[in-house]
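We number each residue from 1, following the sequence as shown. When reading the values below, keep in mind they use all heavy atoms of this one structure, side chains included, and skip hydrogens, waters and symmetry mates.
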Amino acid sequence: MNKCTHEVRKQYWKNIINQCLQRPEGMTAKQWLDENNICEQTYYHWLKRIRQETYELATDSANTACVKTMRSEVAFAEVPLPAMNPATPSENGFRPDITIQTGSVLIGVSNTASDALLGKLFEVIGHAR
């Protein structure tokens with residue numbers, strides 16, 4: 001199978017896999033496949049193949065080096081305060097202890113925020129760049 005044909009088939013099966021993943025709650029994958037006249041063996045063959053290709057792409061040495069470098073570096077940056085006064089409580093009474101602005105997004109964080117929440121917040125901000 002040439003590369004073009006493979007890519008077309010891969011996109012076709014990605015679409016089917018996504019549809020199956022969005023099946024009604026309570027319906028099994030087998031039931032959905034039977035209802036949509038899709039061969040279960042072929043479905044799982046393509047699911048495995050797409051997962052393997054995705055894994056290989058994610059673990060490619062160039063990509064891994066980039067991810068490791070990004071995650072191990074710690075950088076501090078001065079964050080300019082927005083025009084509003086962050087010490088002034090908002091309409092709901094919340095007054096952040098720290099504000100983070102990235103692009104047009106302003107995030108107010110309380111000093112009672114959990115480590116897990118802060119970790120997830122910085123992870124999301126890191127991926128938004």
Side-chain angles (χ1 to χ4, degrees):
M1 170 179 351
N2 68 31
K3 188 173 181 170
C4 180
T5 303
H6 174 73
E7 287 301 315
V8 169
R9 287 185 182 170
K10 185 168 75 170
Q11 276 306 120
Y12 171 79
W13 281 101
K14 277 184 176 182
N15 185 33
I16 289 176
I17 290 165
N18 284 332
Q19 289 176 33
C20 184
L21 292 173
Q22 295 174 7
R23 66 187 178 270
E25 191 173 329
M27 178 183 274
T28 67
K30 182 170 179 25
Q31 290 171 329
W32 187 90
L33 294 170
D34 289 342
E35 192 174 289
N36 289 279
N37 298 318
I38 297 168
C39 175
E40 185 177 5
Q41 185 177 5
T42 307
Y43 172 84
Y44 283 108
H45 165 80
W46 277 97
L47 179 63
K48 178 182 176 183
R49 197 169 182 172
I50 290 168
R51 283 182 176 166
Q52 284 176 332
E53 286 183 20
T54 303
Y55 175 77
E56 288 168 8
L57 181 64
T59 57
D60 181 279
S61 61
N63 290 338
T64 305
C66 178
V67 170
K68 285 182 180 175
T69 302
M70 287 173 39
R71 289 189 178 187
S72 66
E73 292 178 3
V74 176
F76 295 93
E78 184 176 340
V79 180
L81 292 176
M84 67 175 247
N85 183 355
T88 305
S90 65
E91 292 174 6
N92 64 4
F94 174 73
R95 180 172 39 196
D97 295 302
I98 185 172
T99 56
I100 302 168
Q101 184 172 5
T102 176
S104 62
V105 178
L106 179 65
I107 303 167
V109 182
S110 167
N111 64 5
T112 59
S114 70
D115 291 344
L117 175 63
L118 291 174
K120 217 33 158 166
L121 176 65
F122 287 121
E123 182 181 331
V124 169
I125 290 171
H127 289 296
R129 291 182 192 182

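Note that OG1 of T28 is 8.0 Å distant from CG of L33, once rounded to the nearest 0.5 Å. Here the NZ-OG1 distance, from K3 to T5, works out to 12.5 Å after rounding to the nearest 0.5 Å. Taken to the nearest 0.5 Å, the CZ atom of R9 stands 11.0 Å off from the SG atom of C4.
Side-chain contact between T99 and V109 is absent, with no heavy atoms from C-beta onward closer than 4.5 Å. Contact annotation: the side chain of N2 never approaches that of H6 to less than 4.5 Å [non-hydrogen atoms, C-beta and beyond]. You'll find the side chain of Y43 reaches within 4.5 Å of the side chain of W13, heavy atoms only. Q31 places none of its side-chain heavy atoms less than 4.5 Å from the side chain of D34.
For S114, the side chain to side chain donor-acceptor pair (under 3.5 Å) test picks out no residue, with sequence neighbours left out.
Minimum heavy-atom separation, L47 to I17: CA-CD1, 3.7 Å. Minimum interatomic distance between R23 and M27 (heavy atoms only, all atoms of both residues): NE-O, 2.7 Å. When all heavy atoms of W32 and I16 are compared, the closest pair comes out as CH2-O, 3.8 Å.
Under the salt bridge (charged side-chain N to carboxylate O under 4.0 Å, His left out) criterion, the residue pairs touching residues 10-19 are E7-K10, K10-E53, with sequence neighbours excluded.
By the neighbour-count criterion of 12 heavy atoms within 6.0 Å, atom OH of Y44 is densely surrounded, having more than that number from other residues, nucleotides or ligands. Within 6.0 Å of the CG atom in N18, the count of heavy atoms belonging to other residues, nucleotides or ligands exceeds 12.
Between the side chain of N36 and the main chain of I38, no donor-acceptor pair closer than 3.5 Å is present.
For the pairing with K48, the side-chain contact (heavy atoms from CB on, under 4.5 Å) check across R51, H45, Q52 returns one residue only, Q52.
Under the 4.5 Å side-chain contact rule for hydrophobic residues, V8 and Y12 do not share a cluster.
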